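In this text the structure is predicted, and so the values were computed from the model without any measurement. Labels below follow one simple rule: chain letters A, B, ... track the order of the sequence lines, proteins then strands, and each chain is numbered from 1.
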Amino acid sequence: MNTNELPKVLEPKEFEDRIYQFWMDNHLFEPLPENGKSPFAVVIPPPNVTGVLHMGHGLNNSLQDALVRYWRMKGHPTLWVPGTDHAGIATQQVVERRLAKEGKTRHDLGRENFVKLTWQVKEEHHAIISQQLKKIGASVDWSRERFTLDEGLSKAVREVFVRLYERGLVYKGYYLVNWDPSAQTAIADDEVEYKEVQGFLYHLRYPLSDGSAWLEIATTRPETLLGDSAVAVHPDDERYASFGGKTVRLPVVGREIPVIADSFVDREFGTGVVKVTPAHDPNDFEAGLRHNLPQINILNPDGTLGPNVPERYKGLTTVKARELIVQELTEQGFFVAQEPHKHQVGHCYRSGAVVEPYLSEQWFVRMKPLAEKALAALREDQIRFYPKRWEHTYVNWMENIRDWCISRQLWWGHQIPVWTCESCGHLHVKTEAPRNCEKCSSDRLIQDEDVLDTWFSSWLWPFSTLGWPEQTPDLARFYPTSALVTAYDIIFFWVARMVMAGTEFLGQAPFRDIYIHQLVRDKQGRKMSKSLGNGIDPLEIVNEFGADALKFTLVYLSAQGQDILLDKDGFKFGSKFANKVWNASRYLMMNLPEEGILERSQLEYGPADRWILSRLNGAIRSIDTAMQAYKFNDVGHTIYDFFWYDFCDWYIEASKLDLASTEPSIKRQAASKLLYVLEESLRLMHPFLSFLTEEISQKLPVHAPNLVQAPYPEALPERDAPEVEAHFAALQELIRGIRTLRSEFTLPPEKNIRLIVGLDSDHPEHDFFRAQEKLILMLIGAQELTWGASGSVHPGAVTVVGRGWEAYVFVKDLVDVVKESEKLSKTIEKTMKYVQSVDNKLANPAFTSGAPAEVVEAERTKREEAEKTLKRLKAYLVQLQS
RNA sequence: GGACGAUUAACUCAGUGGUUAGAGUGCUACCUUCACACGGUAGAAGUCCCCAGUUCGAGUCUGGGAUCGUCCACCA
């Protein structure tokens, strides 16, 4: 017979890699063929290829894995598409930093070589990322892995660009955009993070050209004075009414600029006069357009001062220029004062560099028409957010959408599919490079040098990964996908835009359910980051506790809508549970019957068996409900409670009676039944403790070939046994009560205790209790139990009173009557109070007529029980004091 | 300025209008009894942020307030 024993200590490292390999070798993560059940598809939020997985990925992928494994076991053809994102700015910077160490820039290599090198770096990192996903057990279909820059996805990107262009939704224009001087590229509005910075508000004097007076303006950026082309006041501001139409002479540069009136000026702020720098401030840019002001650019692409400034300012950083201009203004008497001032400064979310508003020619996507379709998708219930409240965020963003700047002045990315004829200037927007100009036949065609925003490929992810624009079988079968699992910080960047792309190009939202999970933070609630050094590496957890501990802990903690605060020790929780599962299984393996396991049909069920099967039914139902509502923490609780409290603490304990039997057939029955319940529990837990359950399962004498595609347990109505559950609940109460007594009077376990249980003959558990005498004795560690009538008097015994019963335990030493009486009086008082409160409730006609009948009935029953308990308590008190 | 969330045991958090509000960790006592000391058995621990309201009944729903947090917009 099977003598496979489990090692004494759980060492996840011993089997995790082997098990993962086993799953892959057998192609278990690939979708099943058509079987009449609806497919379940998920695309992974592609991690940056040059990043490393952090705990956020740990959470994200643990939840997806749980979800995907659950539906796969439910028999749905399931697909989880893996892949990575080329992450334009981030990756290019990784490579540029590498070059910088050799004293080189990307320009030393040239575009072609630089891109080649970046592909190499990508390959190195990609291997790491894939390895990490395997380590945490992600059941992704590696045969379908994609990369945002691979050929198929690039084709999708070009196709989308061309279609948008043809629909008039892509345009090129010269605008003020957010400029990252460190990466020297434009970025989108969403990519700017505003941080509060302590600066100064400088008050400066601009003299009127005629010398008759001066205007005092306030600014946080005095150096931009060099690009001023007007000074503005509010049209209704009486203080400055007389200045309309006049001009001022710009200090330092001497340029004459008009005083304009515009209602964008806030009269309350500063002096009510504002300098207007159309080339370096979004508000001023708009004002400049309204008033036809020149746009005077003063910055180089790297953020230093350059064009249109006096020679001595050229090449200075804005910080240096600020110092110099303040100095010059002071010397020339134009400086009034400076006061401390907190204000928001934009930073690039990728590079962290301070963003400059900067004039340049860029490509944009007109977003309004796309947003309307995406809003309709929500209205029509094509997409559902879990938790629902994120709908607000989505709608709010969609309704206030601005055009999307999609061109990036980088080399790493999808080069914009636009070719300009050098001869005639004709523009070709094509999915493939044209050979000749379609206007003048010239072959001198130059492709636009810029690349597209990384998110311009990410937003196509749910269908580009399935083969679009080709009409592939995968696309037909798995689009739209079933669920998207992601954190709330990329709802705008990614989720919203994917819905836009899906509705625009496929006429259908790309997924049905959107589960928005938490961010993982440290115990102080801070975002995990490299600079703080507070991050937890998921692999470190895998190494120390195992992948199952990682996943189970995260699933258990994953309540909707809250951030998860975690430190490394938090994972001990999952580790302990995994250990418990391991040891329980090990114990059962050690007790396999020599004659072999019985067939299911040969099993004979007693009360404990019927109880655990009924409890198992309950657990299965809870899990089904919770999984369908994406309530992962409920699932975690259900699994934990069922396995630990029901299966281990009670069922295994109760079975020890039979397992220790000298009668082989009894032992064989017990061991077989335990094993079947364990086997089913392992399947139940597999989506959440994948490696461990697979490892154990394969060593059981009866088991599925693998758990990945094994059928998920289903609740079987014939197993429901509410009356047995009620009996058992009463039994547990009795046992706990006696154990408490034991503990209170520190009756050592080796000492046999003398026990009398008083029970009404009409007690609903009367027969059940008496039938379970042996079990009761074992579970409380006594050898003899006398059944008596309730309310008897037993001098020298302490008593615990339950619902419908009382237990007397004889203690050797004298009972501290005073102490015991006090405690008892307290309990009596509490119970009386309770009875009183229920009485009040029942005496209230509003309650008896207003509340549902079963609630009223339940209250009555509880009252009666409490009343009975009270009687017994009082009787005991009397006895104690006599 | 706008929106959203949170506030429950010492800590981290669950909690679906209906028992006397729960878990994990930590703490206390006892137990190395033959699966597990990453364990067992018990115990202590609560103004469910505050105020009003709705309801037969509120930790749960409504309104107001306080504190903390997040996002969006933004004052040069």
The nucleotide from B:A76, B:G40, B:C38 with an atom nearest the side chain of A:Ser575 is B:C38
Kindly indicate whether the side chain of A:Glu653 and the base of B:A35 share any N or O donor-acceptor pair separated by less than 3.5 Å?
-> yes
So what's the dot-bracket for RNA chain B: Watson-Crick or G-U pairs under 3.5 Å, [ ] if a pair crosses, | if it pairs off-strand?
-> (((((((..((((....[...)))).(((((.......))))).....(((((..]....))))))))))))....
If we take the C1' atom in both B:U12 and B:G17, what is their distance in whole Å?
-> 27 Å
Taking the P atom of each, how far is B:A10 from B:G46, in whole Å?
-> 7 Å
Using the P atoms only, state how far B:U33 lies from B:A23, rounded to an integer number of Å.
-> 29 Å
If you measure from the C1' atom in B:G59 to the same atom in B:A14, how many Å do you get, rounded?
-> 12 Å
Grab the N/O contacts between the protein and nucleotides 52-56 of chain B below 3.5 Å, and write none if there aren't any.
unit_1	atom_1	unit_2	atom_2	d
B:C56	O4'	A:Ala846	O	3.2
B:C56	O2'	A:Asn844	ND2	3.2

Axial cation check for A:Tyr587 ring with A:Lys656, 6.0 Å and 45° limits | yes
What nucleotide among B:A76, B:A23, B:G40 has an atom nearest to a side-chain atom of A:Lys580?
-> B:G40
Measure from the side chain of A:Arg739, starting at C-beta and using heavy atoms only, and say which of B:A42, B:G39, B:G24 lies closest.
-> B:A42
Main-chain N/O of A:Thr277 paired to A:Asp281 side chain as donor or acceptor, under 3.5 Å = no
Considering only B:A23, B:A76, B:U70, which nucleotide approaches the side chain of A:Tyr645 most closely?
-> B:A23
Distance test, side-chain N/O of A:Arg389 to OP1/OP2 of B:C4, below 4.0 Å = no
Among B:A42, B:U19, B:A76, which is the nearest nucleotide to the side chain of A:Lys862?
-> B:U19
